[in-house]
Amino acid sequence: MEENQKKEQQFLISYISELANCSKKTGPVLARFSLESGSLELRFGQSNNLIDDNVFNVKNSQLFKLGPAESLCISEASEANKEKSYSRGISIQFRNEEESRAFHCAFEQWKKEVVVQESPLINGVVSTSKSKFDDKIEASSAKMYFHYYGQLLHQQNMLQDFVRTGTYYSAVIENRVDFIGRIVVDVGAGSGILSLFAAQAGAKHVYAIEASEMADYARRLIAGNPILSEKITVIKGKVEDVELPEKADILISEPMGTLLVNERMLESYVIARDRFLVQNGKMFPGVGRIHMAPFSDEYLYMEIANKATFWQQQNYFGVDLTPLHGSAYQGYFSQPVVDAFDSRLLVAPAVSHVINFTSVKEEDLYEIDVPLRFFSAVSTRIHGLACWFDVLFNGSTVQRWLTTAPSAPTTHWYQLRCVLPQPLYVMPGQEITGRLHLVAHKAQSYTIYLTLSALVGDMLQTSYVKLDLKEPYYRMSQPQAYSAAQDQQPNQLLQSQDTQFPSRDEDGSILMEPLSPNPELHSL
Ligand SMILES: C[S@@+](CC[C@H](N)C(=O)[O-])C[C@H]1O[C@@H](n2cnc3c(N)ncnc32)[C@H](O)[C@@H]1O
C-alpha cells in the first residue's frame, strides 16, 4: 500500500459466528482492517460499536472459503502467549459472492502489508517487498509514472481519444459472447472504463487492477454506476504483486505506449497473462504490430538540424559556444519526433514486426531486433524511419483493429519518426537495408538504435542514429498539411500500404477535442 494511504478498510457483512461458543452477531456487521499502533488488525463489530473483543491479528490469521458467500477466519494463538491463549475461529457470512470476493482480495492485500511492515530497511524506512516490477524498473521512474496516471486529467486525455476508447468499446460490445458469464481481469484499469465496458458486455465478474492512486477514483466511478458495480472489484496494486481469488477467462488492457512498447507496460500485460489467465484464455488485444517505412521530409530535417545552430555562435556575450555544437546537434537528433505526418512522405511500402501477446515471453520484450529492407519508389533523400502500430481484438464474433497509422484518424499516440543526422540518396527501385534495434532500459522505455544503408553507384552510404524513446520531441498536435513545396515526388502508391489492414468505421474517427500527447509522462 502507498505511503500516504489511509490505513483502514471497511466491509459490511451479514453476520459472524464464533466457532468456540457458537455466539452469533447478526448484521449488518462491520469488518474493519486497520493499522493500529504498528499491528494490522481485523476487527468485527456492530456498525456503531467496533470496540469489541472480536479482534484478529492479520499476521496470525488465515481465511478459508467455505462457500460462495461463507468463509472461515482462523487466528493462531500468538507465540508469546501460547501457554495462556488458544487459537480462535469465526465463520463469516457475506451478503453475496461479490462482497465475499472483495473481502478475500482485501485480506490478501493486508497480509502483504504485514510483510512490508516487518521489513524495515537499514535506514529505518519501510519499503514494499521487491517484486519483479521493482527489480527491473528504477524506483524514481515508477514513482513519476504512477503519479502521472494517478491524475484524472491524464486519464481524461485517454478517454477523450475517441478513436482509442471507441474502438475498445466496439471490440467489447460486438464480442459480448467473449464476455458473457466470464471472469475478466482489467490489467492497469486506470479510471475503470474497460472494466465497465466488460461489465456492460455481461461479464460475471471483473477484477480491475490499478497500481496508481487512480484506483480510488475508479472505485468511485464504478460505485456511481450501481448496476455494473456489483460485478467489479477494484484492486489497488501492481499486477506483478496482487493475488486474485480465481483465474480469468479473458484479460482486457490498454498497455500500449508510443511505438507500442514505450512505458514497458506490455511486460506487465504478459506477466498478468501468466499469473491470472486460464489456459487458452483470450486477451483483448491479443496481437500488436509495429510498422516501419522510410520517409522524406526536408522541413523536419532542417528544423532539427537548425535547432543546434545556436551553439555555432562564436561571440555569445564574449563566449565561444562552438565547442558544444557537435553535442547539441547529436542531442537533437537523439529525440524521436512525435507528430502526425502526411502518409505521402513515405517513400517505400512499410514492413511490420508482429508481437503476439498471447505467446510472447516477457523477456522477449527486453530487446527487439527488426531487420529492415525496403525498395524506394522514388528518387529522393531519405531522412529517417517512420513508425506506427496497431493492435488486434480477435473477438469470436468480430475482429477489430485499433490503428495509429498516418493514413487513419489521428490518435493521442500520433506517429513516431527517427530522424537520421545524414540523409541517404536513393533512386527509384533502389534497395534500402538496415536494422531497428530496441533495448529496454530501467526508466520504463527503450534506447533505439537505427541504421539505414543504400548503395550510391559502388559506394554503400550508411547512416546511423541512437535515440531515447523516453525523450521524444513533441512537434505538434495536429496533422501537418502536405505541401507541394516539399513534394520531391508524390508517392500515391505508398499510402495504400497501411490501408491493407484495419478499416475503421467512420463514426469511430471523430475527435471531439484536440488530442494532447503525454509530455510529462515521457519526460519522467
Ligand atoms: C494507458 S493507461 C490505461 C487506463 C485504462 N485501462 C484505460 O484504458 O483508459 C494504463 C494504466 O495502467 C496502470 N498500470 C501500469 N502498469 C501497471 C502495473 N504494473 N500494475 C497495475 N497497474 C499498472 C497505470 O497506472 C495506468 O492507469
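In each ligand, atom 1 is the first atom listed, and ligand 1 is the first ligand listed.
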Closest protein heavy atom to [atom], given as residue, atom name and distance to 0.1 Å:
| atom | value |
| --- | --- |
| atom 20 (N) of ligand 1 | Val239 N, 3.0 Å |
| atom 12 (O) of ligand 1 | Gly188 CA, 3.1 Å |
| atom 27 (O) of ligand 1 | Glu210 OE1, 2.8 Å |
| atom 10 (C) of ligand 1 | Met265 SD, 3.7 Å |
| atom 5 (C) of ligand 1 | Ala189 O, 3.3 Å |
| atom 14 (N) of ligand 1 | Phe146 CE2, 3.8 Å |
| atom 26 (C) of ligand 1 | Tyr149 CG, 3.4 Å |

> Nearest non-hydrogen atom to atom 19 (N) of ligand 1 belongs to which of Glu240, Lys238, Gln444, Glu254?
Replying inline: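 The nearest heavy atom belongs to Glu240.
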>> Rounded to the nearest 0.5 Å, what separates atom CZ in Phe56 from atom CZ in Phe44?
In response: 6.0 Å
> If you measure every N/O of Ser191 against every N/O of ligand 1, is any gap under 3.5 Å?
Replying inline: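 No, Ser191 has no N/O under 3.5 Å of an N/O on ligand 1.
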At less than 4.0 angstrom from any non-hydrogen atom of [X], what atoms of ligand 1 do you find?
| X | result |
| --- | --- |
| Gln155 | 4 (C), 27 (O) |
| Ser268 | 19 (N) |
| Ala211 | 20 (N), 21 (C), 22 (N) |
| Met158 | 1 (C), 2 (S) |
| Ile193 | 7 (C), 9 (O) |

> Hey, does the Lys NZ or Arg CZ of Arg264 hover above the aromatic six-ring of Tyr366, less than 6.0 Å from the centre and inside 45° of the axis?
Replying inline: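 Satisfied, under 6.0 Å and within 45°.
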> Is Lys204 close enough and on-axis enough to Phe179, meaning under 6.0 Å and within 45°, for cation-pi?
Replying inline: no
>> Which residue in the set Lys236, Arg219, Arg220 passes salt bridge (charged side-chain N to carboxylate O under 4.0 Å, His left out) when paired with Glu213?
In response: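 Checked Lys236, Arg219, Arg220 against Glu213; only one passes salt bridge (charged side-chain N to carboxylate O under 4.0 Å, His left out): Lys236.
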>> Quick check on Glu230: does its CD atom have over 12 non-hydrogen neighbours (other residues, nucleotides or ligands) under 6.0 Å away?
In response: no
> Would you find more than 12 non-hydrogen atoms of other residues, nucleotides or ligands less than 6.0 Å from Lys143 atom NZ?
Replying inline: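 Open: at most 12 neighbouring heavy atoms sit under 6.0 Å from NZ of Lys143.
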> Which pairs with one or both residues in residues 215-266 pass ring-ring contact (aromatic ring centres under 6.0 Å, His included), sequence neighbours excluded?
Replying inline: none
> Would you call the rings of Tyr168 and Phe393 parallel, tilted or perpendicular, where under 30° means parallel and over 60° means perpendicular?
Replying inline: perpendicular
> Parallel, tilted or perpendicular for His437 and Tyr449, by the 30°/60° rule?
Replying inline: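 The arrangement is tilted - the two ring planes meet at 30° to 60°.
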>> In this structure, is the centre-to-centre distance between the rings of Tyr414 and Phe389 below 6.0 Å?
In response: no
> Ring centres of Phe33 and Phe103 under 6.0 Å apart?
Replying inline: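 Close enough - the centres of the two rings lie under 6.0 Å apart.
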> Should Gly150 be listed as contacting ligand 1, given a heavy-atom distance under 4.0 Å as the test?
Replying inline: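 No; Gly150 lies far enough from ligand 1 that no heavy-atom distance drops under 4.0 Å.
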> With a 4.0 Å heavy-atom cut-off (strictly under), which part of Tyr168 contacts ligand 1: side chain, backbone, both or neither?
Replying inline: neither
> For ligand 1, does Arg164 get within less than 4.0 Å through its side chain, its backbone, both, or neither, judged by non-hydrogen atoms?
Replying inline: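 For Arg164, the contact with ligand 1 is made by the side chain alone.
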